[in-house]
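Below: one structure, written as structure tokens.
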Amino acid sequence: MEKFSTEVAIDLQPSPKRLNKKINIFLNDVLEGLQSSPKYLDSKYFYDKRGDELFQKIMASNDYYLTNAEMEILTNQKAEIADAVLTDTNKLDVIEFGAGDATKSIHLLKELNEKKAIANYFPIDISENIINLLNKNIPAAIPGLSIHGLNGEYFDMLAKANQISKNKKLVLFLGANIGNFKFDAMPAFCKKLRNQLSDGDMALIGFDLKKDPKKILAAYDDSEGFTSQFNLNLLRRINNELNANFNLGNFEHYAMYDPDSGACKSYLVSMKEQKVCIDETPINFEKDETIFMEISHKYSVSQIDEIAVQCGFKPVKHFFDKKKYFVDVIWESTRFR
Ligand SMILES: C[S@@+](CC[C@H](N)C(=O)[O-])C[C@H]1O[C@@H](n2cnc3c(N)ncnc32)[C@H](O)[C@@H]1O
């Protein structure tokens, strides 16, 4: 087991050069999406400071059942989850993809920390705001825990964590974030994850399960309108950061769920013919033209197990909430791929 290496410096301060690079990538991605037909925006850009706040409101809303379901699993079954991931006496590097505010994972972190089973905690998030928050809040909540927040994309930051420390890994990917990949892209993501892990490393992944279509649709079109504000906030972010002139009042949020495929999709619809300029590039919208914003895929348990095996993992255990709305699965990296 290797100790945390102090030789690898992590630059978490955004230098002007790094900021410019980030903004250029954001601009290119936005222009590529809005110059395509049909138009789309990448949902990873939802999370600026306001986006983070709106997502907290969505999670607390009555219609968004996912958070309560997964919270129930992580509070009531944290001891069983810890037992299932602690297969030997090695300490773990716990790496959390898209950690958000860690309100759910903190229960498992505390449980593992009490068992003195954590070497390092690496929360990874594309939102700088979130990483700053975690670096500040987690040491207060779990004194003594060695935390190294990594601001960036999942796999770039996993590679960084790998450079820093080579303990046995437990990757957390909670909140049904894995549902945000299109059905065909999800196994490719899991294979990539497997390829960056060693035999015996573990993953704990949260999947939202197929259920009453009305229940699912309500979660993505909540009666308080937070999902709508969350989607529109990306246009506001583009206005602020990329010198654009979207009129948010000219777009409406629309969500739909297809129970056959399990795909829940959200769109912004242009309410009129209009031209928007983004950093001097004109983008034309027809009346009723859509921008595809996000997919949230729902799975059956058998689909999840099949994907695990297909991607080089052994499905070890399923943890359900009482209503069986949601499942957190433990996968182990196997030698056979
Ligand atoms: C839906 S929230 C879920 C947060 C948390 N996992 C939970 O269950 O409450 C998704 C989080 O993933 C982050 N995220 C989205 N795409 C990402 C990417 N490509 N790389 C790293 N973080 C990402 C967002 O910034 C956000 O904090």
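All ligand and atom numbering here is 1-based and tracks the order in the structure. Note that the numbering runs from 1 along the sequence shown for the chain.
Near G100, with a cut-off below 4.0 Å to any heavy atom, the atoms of ligand 1 are 4 (C), 27 (O). Contact atoms of ligand 1 toward K104: 7 (C), 8 (O), 9 (O) (distance under 4.0 Å to a heavy atom of the residue). For ligand 1, the atoms closer than 4.0 angstrom to any heavy atom of G175 are 8 (O).
With hydrogens left out, the protein atom closest to atom 22 (N) of ligand 1 is I126 N, 3.1 Å, a heavy atom. Closest protein heavy atom to atom 3 (C) of ligand 1: N177 OD1, 3.4 Å.
Contacts between T103 and ligand 1, counted as non-hydrogen atom pairs separated by less than 4.0 Å, are absent for every part of the residue. Residue-level proximity to ligand 1 for A99 is carried by the backbone, the only part with a heavy atom below 4.0 angstrom. The proximity of Y154 to ligand 1, defined as any non-hydrogen pair under 4.0 Å, involves the side chain as well as the backbone.
The pair K44-D125 does not count as a salt bridge, with every side-chain nitrogen at least 4.0 angstrom from each carboxylate oxygen. Using a 4.0 Å cut-off between a side-chain N of Lys or Arg and a carboxylate O of Asp or Glu, E53 and K57 do not qualify as a salt bridge. A salt bridge is absent between E80 and K317: the closest approach of a Lys/Arg side-chain nitrogen to an acidic carboxylate oxygen does not fall below 4.0 angstrom. Between K104 and E70 a salt bridge is recorded (basic side-chain N to carboxylate O distance below 4.0 Å). Ion pair E289/K39 flagged as a salt bridge, since at least one NZ, NE, NH1 or NH2 atom sits closer than 4.0 Å to an Asp/Glu carboxylate oxygen.
Remark: side-chain polar atoms of T334 are paired, donor with acceptor, to backbone N or O of G312 under 3.5 angstrom. R237 contributes no side-chain N or O that, together with a main-chain N or O of N240, makes up a donor-acceptor pair within less than 3.5 Å.
Between atom 21 (C) of ligand 1 and the options G98, S296, G152, S105, the minimum heavy-atom separation is to G152. The residue among E128, E153, E294, Q56 with a heavy atom at the shortest distance from atom 19 (N) of ligand 1 is E153. Ranked by closest heavy atom to atom 1 (C) of ligand 1, the top entry among F55, F97, F46 is F55.
For E252, the CD atom sits in a loose shell: 12 or fewer heavy atoms of surrounding residues, nucleotides or ligands are nearer than 6.0 Å. Annotation for K210: atom NZ counts as buried by contact number, over 12 foreign heavy atoms lying within 6.0 Å.
Of the N or O atoms in D52, none lie within a sub-3.5 Å distance of an N or O in ligand 1. Not a single N or O atom of M59, backbone or side chain, sits closer than 3.5 Å to an N or O atom of ligand 1. Residue contacts with ligand 1: D125 is placed with a nitrogen or oxygen under 3.5 Å of a nitrogen or oxygen of the ligand (distance criterion only).
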